[in-house]
Amino acid sequence: MPAFGTSIPRKVMTLFLLVDCSGSMAVSGNIGKVNGAIEEMIPLLRNISDENADAEIRIGVLAFSSGCRWIGGGVQDLDHFQWTDMKASGLTDMGAAFRELENRLSRKEFMDGAAGNYAPVIILLSDGEPTDDYRSGLAVLQHNNWYREAQKIAIAVDKASIQTLSEFTGNIETVLSCNGQKEDLKHLIVNVATVSSKMQSRSQTAGTKVDEKEIADQIRRQQEDKKKQVISELAHMIKERGEASVDGNTAAEIESYLAKVGVPSGNDLEPTYKGLVAHLKSLGGSTGTPAGGANGTAAASASGKTKAKVADPFADDNDW
Amino acid sequence: MVKYKNNHKFFGGIFMAKPYTGVSIETRDFRKARIIKELGSGGQGTVYLVDYDGKKMALKWYHETTFKSIEQRQQFYDNLCKNIDNGPPSDDFLWPKDITNITHGSFGYIMDLRPDRFKELSVLLVGRKARFKSFRVTVDAMLNLVNAFRILHNSGYSYQDLNDGNFFFDPDTGECLICDNDNAAYEGNVTGILGKQRYMAPEVVLGQKMPDKYTDRFSMSVILFMMLMYLHPLEGEYSTPACMTAENEREFYGRAPIFVFDPEDGSNPPVKGVGDHAAAIWSELPEYLRKAYIRSFTKGSMTFENGGYKGARLVEREWLDVLLRFRNTICRCPSCGNEEFVSSTDAVCAACGDELPLFREIKLKKYSMPVYPGMLVRKAQLYECPEREALDPVFEVVGTEGFPGRDYIVNVSGETWRCITSSGAERLLAPGERMPAKAGIKASVFGAEFEII
């Protein structure tokens with residue numbers, strides 16, 4: 001008998017990240033967020049890959065500025081992923097990146113999974129207008145069948161032209177925009193990479209293709225959910241402090257509450273509002289009456305603490 | 001899938017899209033489930049750890065977008081209520097126990113937490129985070145799975161979504177736990193879930209049929225093949241295009257699937273360098289097991305025409321027969337620990353070349369098998385017992401350290417056996433007692449007889 005203990009052969013799903021490393025990415029500080037995002041997505045992707053009997057995930061990062069180059073030399077598997085931070089300077093040669101990608105999207109090059117491949121995910125991230133003739137590069141790429149089958153998503157950072165990026169994705173709905181100063185770009189990139197990789201590396205229900213619009217929609221929805229969830233939890237925390245009610249549940253209201261109790265607002269990037277959360281936590285114990293656990297009144301009475309300041313004893317259970 | 005609509009509803013006093021830590025949700029049984037934390041999120045919903053009446057349980061909360069319409073949601077909800085009222089078919093199922101009211105566009109159901117020792121089948125197949133301990137444990141796991149589905153199907157249900165993400169096993173013992181039982185429905189009822197590509201029966205892929213007991217059986221045989229062979233039965237040279245697209249999947253799993261070891265069509269052999277391990281195992285499998293796989297994936301049993309199949313898929317009882325027999329041919333070499341599939345006492349370890357210490361055989365009604373320490377004969381291997389007792393042990397074989405061949409048969413059946421010794425005398429063997437594996441001894445229990453030769 002052959003010795004016991006093996007792994008099932010899996011197809012390969014490659015995640016390509018095409019990253020704009022032009023000078024403006026350095027000026028805005030966005031390049032640091034992209035580097036951070038890639039470092040942090042690797043263990044998450046590895047986890048997704050190790051639990052997926054359909055496909056193994058690989059990753060290729062193509063940095064473009066004045067010309068383009070593959071970080072780590074090409075497509076890498078997640079176990080041996082070598083990473084050096086990308087530096088940003090120079091132009092935005094997006095067309096050069098498209099041509100280079102076209103050269104590599106071939107079974108003889110990067111798409112060499114022994115048990116076959118799923119169509120790749122290609123994420124294009126840019127913060128400005130291409131400085132080269134991107135249209136001719138794109139025209140070449142558009143003839144590549146891998147590109148045609150791929151799930152294509154773009155992230156338009158700051159002033160990037162959504163119109164230009166939608167020429168790459170083929171659809172305006174699959175361009176996600178992100179204001180690097182107001183929103184958490186790192187979080188968004190990690191989210192896009194993991195959600196799209198997870199969906200694209202699994203076999204789907206019969207005859208249905210993963211729709212990139214659906215991926216984009218899901219990401220928008222998740223960002224939105226996350227935002228709402230964090231805000232709701234913050235509102236909940238404030239309510240538990242028993243001294244104020246935050247009715248509208250908006251970030252602005254929470255900020256104004258924090259200002260009122262003497263905490264300055266900080267770097268409150270959506271959708272995780274890390275600054276707000278940190279500030280609220282920094283307040284520590286309640287200045288009013290603590291209401292105990294997260295389930296409010298029940299925990300409060302159980303722990304013997306006063307419930308006098310909770311106006312509506314069933315506020316937390318409303319409608320449940 | 002339905003497009004997301006921006007219609008967040010009032011949730012627990014706060015505008016929310018899904019439950020969050022601290023919220024209490026009332027169930028149909030007027031109990032409360034308080035959310036402690038999120039455990040994970042998938043395509044259909046999010047699973048939370050909850051405090052349910054003081055006990056830690058799991059809550060699966062559906063994404064609002066999982067349901068295509070209010071009618072479908074209601075249908076799904078009613079089906080779950082029915083399943084909860086009926087109770088689990090057996091302990092192998094992580095069955096829904098309670099359900100929340102429909103509120104804020106969705107609902108969830110309460111179930112027990114899955115103990116950590118159970119690992120998802122996909123994880124075990126990848127083999128990086130956990131893997132089955134041995135061939136024998138793998139076959140025990142397959143047996144447990146088949147037995148659970150036998151009980152489920154014979155209780156009138158079909159599962160409708162068998163895939164590598166819904167089954168969990170203890171990799172050390174082979175115990176199984178079947179999760180995601182929200183798709184299980186009485187025969188004739190559909191939940192709108194079609195299943196996962198690669199595991200769906202061809203007729204479901206092609207839209208000729210909705211999932212039912214028969215399509216479950218196809219999916220089950222795919223899983224039984226993958227667990228043992230570490231290869232998908234329909235993925236070979238012909239069906240491995242450079243890029244697997246949705247159209248390709250429809251072709252290779254639906255319109256024109258070809259078994260990698262189809263004896264009548266050699267056009268889809270395992271890809272060299274990818275399926276070598278599977279090919280090596282296949283060549284070692286006993287004929288009856290190969291036949292079972294061939295019958296499962298022959299073109300006939302993958303062709304649904306005029307309301308019927310051209311070939312018959314194996315029912316669970318047939319799989320039990322095949323796997324119980326196979327389980328007791330997996331013998332571990334005492335010298336090097338390698339596992340061999342043995343069909344007679346004349347066997348050599350392929351790894352170290354040692355002769356295996358097999359001296360006697362046990363003759364059952366239809367076949368005989370070599371005796372070796374570690375074999376375990378269960379009720380269904382001897383006679384037609386009630387379903388729930390099918391895997392109950394009847395006897396096991398223990399060896400003697402330092403004395404190869406001095407094996408004993410231990411009565412673990414709970415019943416007294418009537419035996420005839422090698423000298424022809426009548427003798428009883430009480431539960432817990434043992435007898436030597438000596439040629440000529442005959443025994444009978446549960447109306448079945450066996451003999452040592």
Select, from A:Arg10, A:Arg220, A:Gln218, A:Met111, the one with the greatest count of heavy-atom pairs under 4.5 Å involving chain B. A:Arg10
Who among B:Gly254, B:Gly127, B:Ala242 has the most heavy-atom pairs with chain A under 4.5 Å? B:Ala242
What distance do A:Glu51 atom CD and B:Leu125 atom CG have between them, rounded to the nearest 0.5 Å? 12.5 Å
My understanding is that only residues two or more places apart in sequence, or in another chain, count here; which of them pass side-chain contact (heavy atoms from CB on, under 4.5 Å) with B:Asn163? B:Asp161, B:Asn166, B:Lys196, B:Tyr199
Spacing of B:Arg128 atom CZ and A:Arg46 atom CZ [to the nearest 0.5 Å]: 8.0 Å
OG1-CE distance between A:Thr6 and B:Met229, expressed to the nearest 0.5 angstrom: 11.5 Å
Measure distances from A:Asp79 to the heavy atoms of chain B and classify the residue's part below 4.5 Å as side chain, backbone, both or neither. side chain
Is chain A contacted by the side chain of B:Thr27, its backbone, both, or neither, given a heavy-atom distance below 4.5 Å? neither
Where does A:Asn145 contact chain B at under 4.5 Å (heavy atoms): side chain, backbone, both or neither? neither
For B:Lys119, is it the side chain, the backbone, both, or neither that has a heavy atom closer than 4.5 Å to a heavy atom of chain A? neither
In terms of heavy-atom contacts, B:Arg198 and A:Ala53 come closest through NH1-O, 3.6 Å
B:Met244 side, atom CE; A:Lys11 side, atom NZ - distance, nearest 0.5 Å: 4.0 Å
Closest heavy-atom contact between A:Ala114 and B:Thr240? O-CG2, 4.5 Å
Quick one: does B:Ser122's side chain have a donor or acceptor within less than 3.5 Å of a partner on A:Asn52's backbone? no
Tell me whether the count of non-hydrogen atoms from other residues, nucleotides or ligands lying under 6.0 Å of NZ in B:Lys133 goes above 12. no
Just wondering, do A:Ile8 and B:His232 contact through their side chains at under 4.5 Å, heavy atoms? no
Based on non-hydrogen pairs under 4.5 Å, which of A:Gly113, A:Ala115, A:Pro120 is most in contact with chain B? A:Ala115
Do side-chain atoms of A:Asn117 reach the backbone of B:Cys243 as a donor and acceptor pair under 3.5 angstrom? no
Determine the option with the most heavy-atom pairs under 4.5 angstrom with chain A, choosing from B:Leu231, B:Val271, B:Val126, B:Thr138. B:Val126
